[in-house]
Amino acid sequence: MLGAGGCCAVGGYGRAVCPAGPSRMPHFAKLLLLIFCLVLLVESRKHRRRRWTSQLELQRAGHIYKKNHDVTKTRKGKTEQLLRVDDHDFTMRPAFGGPAIPVGVDVQVESLDSISEVDMDFTMTLYLRHYWKDERLSFPSTTNNSMTFDGRLVKKIWVPDVFFVHSKRSFIHDTTTDNIMLRVFPDGHVLYSMRITVTAMCNMDFSRFPLDSQTCSLELESYAYTDEDLMLYWKNGNESLKTDEKISLSQFLIQKFHTTSRLAFYSSTGWYNRLYISFTLRRHIFFFLLQTYFPATLMVMLSWVSFWIDRRAVPARVSLGITTVLTMSTIITGVNASMPRVSYIKAVDIYLWVSFVFVFLSVLEYAAVNYLTTVQERKERKLREKFPCTCGIPHSKTMMLDGNYSESDANSLAGFTRSQMVPEEEKQEKMVVHLAMSNASNSSRKRGLKGHVGLRIIQNTHAIDKYSRLIFPGTYIFFNLIYWSVFS
């Protein structure tokens, strides 16, 4: 049933139900309807603005894409990977089953960190680069630009398994990330670079130490692939090895770097290509001159001082000899502590032990002098016991008299008169005793004392000391001439 202003519906019990007219709607319902209409209007405007902005960005992106169209610089989704890593089995080498894949290598030495004589090794930091071609990694590119990746892609593709022969420790630097770079070219060529620090063994010969030169080698080789599967070679010959001009060592002068390559054979696996980085080091001698050679020479010269000391000064000569011997022992111990325990004689050992022998012989020289002096005194004592007429004065002490005294001089010095003269022999004996013990201050007495002191000095200088003053320095100088002419 229709009303005048709208429509009516038939309700229950045949009654007609009609909506209320405009005049009947409450005011808050009108307010809600108005708010709903405003919300719809605002949302529609936002939607139109987003659509316009997205279209503008697409137009700009399309303009840039047309200006520099290179697929290598465009981000691809999982289904459109340029390298197609998931489409190939990279557990096998490139051209598997075919000829050996050539892998070029070049190295840039960043630093030589240390050379250890005790451990007989060296530590080197270098940039190791590999070059090969893998057609499975080729991709289309109009500008022939390469793609560069970090170490995360290395785990997904095939790379050469090069290792360092005779290495003790090695690691790839990982600050702030792994120092690995992988660069792939459109035709499938690959550059693989790493920054590595390696500690490797170096067979050193110390027979001429410290006047020696050492040649050490760092060896590279494929671990799994023989020469039938992988051909390892220097990419540019000798130009494949580059070094930093600022490389220096405290004890060595780096003379030259050079590269070589050979085949290495293992009885159980076969032949492998091996690359060598060889370098020659010459040791600086000045440090060892100051710390070893000069102190040893001074100790030998100090031991010669005892040849000019009175042979009766036993404490002085013994203490000097013992001091020089102990000092030489300390120098020898200090040098050997910084060296490996090799079973052959080194050049420094020859010099130190010869110097030690010279010092030790100076001690033995005084032992011989002291012994001969004791034997001589024992013989003189026996002679005095046989001839008591000398009145206890050694014959050597009576030699200060020249026998030219007159009887009057003798009587005046002895305090005797002519009337008190005794027989001639007895008078001479008393005169000698009196002259030896008298404290008179006359001029003749002073001259006799001076001659007496000089005679004692001459007599107390043993003949062995006289010869040692010439033989020891002359022999040591001759040894030094031969030593430095042979080892320098």
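The chain is numbered in sequence order, starting from 1.
Summarising the geometry, atom CG belonging to Leu320 is positioned 7.5 Å from atom OG belonging to Ser362; distances are rounded to the nearest 0.5 Å. The CG atom of Asp174 lies 7.5 Å from the CG atom of Asn179; values are rounded to the nearest 0.5 Å. Atom CD1 of Ile196 and atom CZ of Phe171 lie 10.0 Å apart (nearest 0.5 Å). Between the CZ atom of Phe252 and the CD1 atom of Ile115 there is a distance of 6.0 Å, given to the nearest 0.5 Å. Taking CZ of Phe209 as the reference point, atom CD1 of Ile345 lies at 15.5 Å (rounded to 0.5 Å). The CG atom of Asn273 lies 7.5 Å from the OG atom of Ser261; values are rounded to the nearest 0.5 Å.
Using a 3.5 Å distance cut-off with no hydrogens or angles, the side chains of Thr259 and Asn238 do pair a donor with an acceptor. Side-chain contact of Thr125 with Asp113: a donor-acceptor pair under 3.5 Å is present, judged by distance alone. Counting only N and O atoms by type, the side chains of Gln108 and Asp106 include no donor and acceptor under 3.5 Å apart. A donor-acceptor pair shorter than 3.5 Å can be found between the side chains of Thr297 and Tyr351.
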Output, in order, the C-alpha distance, side-chain angles, deciding distance and verdict of side-chain contact (heavy atoms from CB on, under 4.5 Å) for Leu253 and Leu281. CA-CA 6 Å; Leu253 172 66; Leu281 305 172; over 6 Å; no

Let's go through Phe279 and Phe122 carefully: what are the C-alpha distance in whole Å and the side-chain angles of both, what is the deciding distance for ring pair (Phe, Tyr, Trp, His ring centres under 6.0 Å) to 0.1 Å, and is it a yes or a no? CA-CA 11 Å; Phe279 54 94; Phe122 65 93; 5.1 Å; yes

As a quick check of understanding, evaluate side-chain contact (heavy atoms from CB on, under 4.5 Å) for Phe206 and Tyr344, giving each step before the final call. CA-CA 8 Å; Phe206 296 108; Tyr344 50 85; 3.8 Å; yes

Could you give me the CA-CA distance, side-chain angles and deciding distance for Tyr293 and Phe288, then say whether ring pair (Phe, Tyr, Trp, His ring centres under 6.0 Å) is met? CA-CA 7 Å; Tyr293 287 97; Phe288 296 94; 7.9 Å; no

Verdict with reasoning, Val305 to Leu302, per side-chain contact (heavy atoms from CB on, under 4.5 Å): CA-CA 6 Å; Val305 176; Leu302 183 61; 4.2 Å; yes

Asp244 and Glu110: side-chain contact (heavy atoms from CB on, under 4.5 Å), yes or no, with the steps? CA-CA 6 Å; Asp244 193 341; Glu110 182 181 6; 5.6 Å; no

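Each of Trp158, Tyr233, Tyr192 was checked for a ring-ring contact (aromatic ring centres under 6.0 Å, His included) with His130, and the lone residue meeting it is Tyr192.
A heavy-atom distance below 4.5 Å is not found between the side chains of Leu182 and Asp150. Between Phe149 and Met147 the shortest side-chain heavy-atom distance falls below 4.5 Å. Side-chain contact between Met120 and Met201: absent, with no pair of heavy atoms (C-beta onward) separated by less than 4.5 Å.
More than 12 heavy atoms of other residues, nucleotides or ligands shown are found within 6.0 angstrom of OH on Tyr266. Within 6.0 Å of CE in Met231 there are more than 12 heavy atoms belonging to other residues, nucleotides or ligands. Around atom CD of Gln255, more than 12 heavy atoms belonging to other residues, nucleotides or ligands sit under 6.0 Å away. A 6.0 Å sphere centred on NZ of Lys242 holds no more than 12 heavy atoms belonging to other residues, nucleotides or ligands. Environment of CZ in Phe360: sparse, with no more than 12 heavy atoms of neighbouring residues, nucleotides or ligands closer than 6.0 Å. When the shell of 6.0 Å around CZ of Phe163 is examined, it contains more than 12 heavy atoms from other residues, nucleotides or ligands.
In this structure, the side chain of Gln214 engages the main chain of Asp205 through a donor-acceptor pair within 3.5 Å. A distance-only check finds no donor-acceptor pair linking the side chain of Arg183 to the backbone of Val190 [under 3.5 Å].
Under 4.0 Å is where a charged nitrogen must lie from a carboxylate oxygen, and between Asp134 and Arg136 at least one such pair does. A salt bridge does not link Asp310 with Arg312: every distance from a Lys NZ or Arg NE/NH1/NH2 to an Asp or Glu carboxylate oxygen is 4.0 Å or more. A salt bridge is absent between Lys382 and Glu377; no separation between the charged side-chain nitrogens and carboxylate oxygens falls under 4.0 Å. By the 4.0 Å N-to-carboxylate-O rule, Arg93 lies too far from Asp161 to be salt-bridged with it.
In this view, Phe358 and Tyr476 satisfy the ring-ring contact (aromatic ring centres under 6.0 Å, His included) rule, not counting sequence neighbours.
Contact record, Val118 with Met339: CG2-N, 4.2 Å, taken as the closest heavy-atom pair.
The side-chain tip of Arg469 does not point at the ring of Trp304 from less than 6.0 angstrom away and within 45° of straight on.
If you look at Phe307 and Tyr366, their ring centroids are not closer than 6.0 Å.
Below 30°, between 30° and 60°, or above 60°: for Phe265 and Trp271 the angle between ring planes is between 30° and 60°, a tilted geometry.
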